[in-house]
Amino acid sequence: MERTFLMIKPDGVQRGLMGRIISRLEEKGFTMVAGKLVRMTEEQAKSHYAEHVGKDFFPNLLNFITSGPVFAMVWEGDDIVTLSRILIGKTNVKEALPGSIRGDFAAHTPNNLIHGSDSLESSKREIANFFEADELVNYEKSISQWI
Ligand code: IDP
Ligand code: MG
């Protein structure tokens with residue numbers, strides 16, 4: 001069982017898509033183990049997107065991601081790092097297929113609604129950037145045997 005960091009970006013919060021995005025993840029069979037609405041600090045955003053600091057789109061990304069609240073979450077499931085990225089869809093909106101969250105709801109690459117960790121290593125670092133260990137809730141869903 002893996003855990004990953006998923007975050008509804010400010011556009012998803014402002015557009016009222018939190019519920020629909022969370023539904024997609026629930027319907028897939030994943031389990032939310034932590035979630036909170038937060039306004040990212042500049043320092044937290046630079047740490048979260050450390051690999052992109054210095055790229056041409058970074059100033060816009062930093063401005064966007066700190067422009068309003070985000071809904072930060074930790075989700076659990078088998079192979080969830082890979083599977084959640086498929087559910088989210090490709091970064092470039094021109095490549096994000098219908099059926100994926102970005103494919104269905106995002107019309108511009110910078111405003112692509114949701115973040116998902118790209119590896120297990122990233123997920124650990126990103127989770128620690130938002131949550132204390134005791135904020136993650138361990139529980140079993142009785143339906144899990146059917147998923
Ligand atoms: P990801 O969110 O699919 O992992 P990354 O390459 O890690 O994509 O980029 C982080 C975020 O930066 C993207 O989700 C998107 O919001 C933004 N971004 C990435 N590439 C571009 C670009 O070429 N132009 C504008 N924004 C971009
Ligand atoms: Mg990324």
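Please read these numbers as outputs of a predicted model, since none were measured by experiment. As the structure lists them, so they are numbered: ligands from 1, and atoms in each ligand from 1.
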Query - Atoms in ligand 1 with a heavy atom of Lys9 nearer than 4.0 Å - result: 13 (C), 14 (O), 16 (O)
Query raised in the report: Is there a donor-acceptor pair closer than 3.5 Å between any side-chain N or O of Ser100 and the backbone N or O of Leu97?
Result: yes
Report task. Just jot down the ligand 1 atoms closer than 4.0 angstrom to any heavy atom of Pro110, in number order. Result -> 16 (O), 25 (C)
Report task. Taking the side chain as every heavy atom from C-beta outward, state whether Leu6 and Ser84 have any atom pair closer than 4.5 Å. Result -> yes
Query raised in the report: Which atoms of ligand 1 sit under 4.0 Å from any heavy atom of Arg85?
Result: 1 (P), 3 (O), 4 (O)
Query - Subset of ligand 1 atoms that lie under 4.0 Å from at least one heavy atom of Asn112 - result: 13 (C), 14 (O), 15 (C), 16 (O)
Requested in this report: Distance to 0.1 Å, residue and atom name: give those for the protein heavy atom nearest to atom 25 (C) of ligand 1.
Outcome: Phe57 CB, 3.8 Å
Report task. May I ask you to identify, for Tyr49, whether its side chain, its backbone, both or neither come under 4.0 Å of ligand 1 on a heavy-atom basis? Result -> side chain
**Report entry** Numbering as shown, the atoms of ligand 1 that approach Thr91 to under 4.0 Å (heavy-atom distance)
**Finding:** 1 (P), 3 (O), 8 (O), 13 (C), 19 (C)
**Report entry** Per-atom contacts of ligand 1 with His52, taking only distances under 4.0 Å to non-hydrogen atoms
**Finding:** 5 (P), 6 (O), 7 (O), 9 (O), 10 (C)
Report task. Specify whether Phe5 and His115 have parallel, tilted or perpendicular ring planes, treating 30° as the upper limit for parallel and 60° as the lower limit for perpendicular. Result -> tilted
Query raised in the report: Is it true that atom CD of Glu42 has more than 12 heavy atoms of other residues, nucleotides or ligands lying nearer than 6.0 Å?
Result: no
Query raised in the report: What part of Arg102, side chain from CB on, backbone N/CA/C/O, both or neither, has a heavy atom under 4.0 Å from ligand 1?
Result: side chain
Report task. Verify salt bridge (Lys or Arg N to Asp or Glu O under 4.0 Å) between Arg125 and Glu121, making sure each step is shown before the conclusion. Result -> CA-CA 7 Å; Arg125 185 178 57 78; Glu121 295 70 41; over 6 Å; no
Report task. Evaluate the side-chain contact (heavy atoms from CB on, under 4.5 Å) criterion for residues Ile8 and Ile22: first the C-alpha distance (whole Å), next the side-chain angles of each, then the deciding distance (0.1 Å), finally the verdict. Result -> CA-CA 9 Å; Ile8 301 173; Ile22 289 169; 4.1 Å; yes
Query raised in the report: Is it true that Phe58 and Tyr49 have ring centroids separated by less than 6.0 Å?
Result: no
Query raised in the report: For ligand 1, is there an atom lying under 4.0 Å from some heavy atom of Thr109?
Result: yes
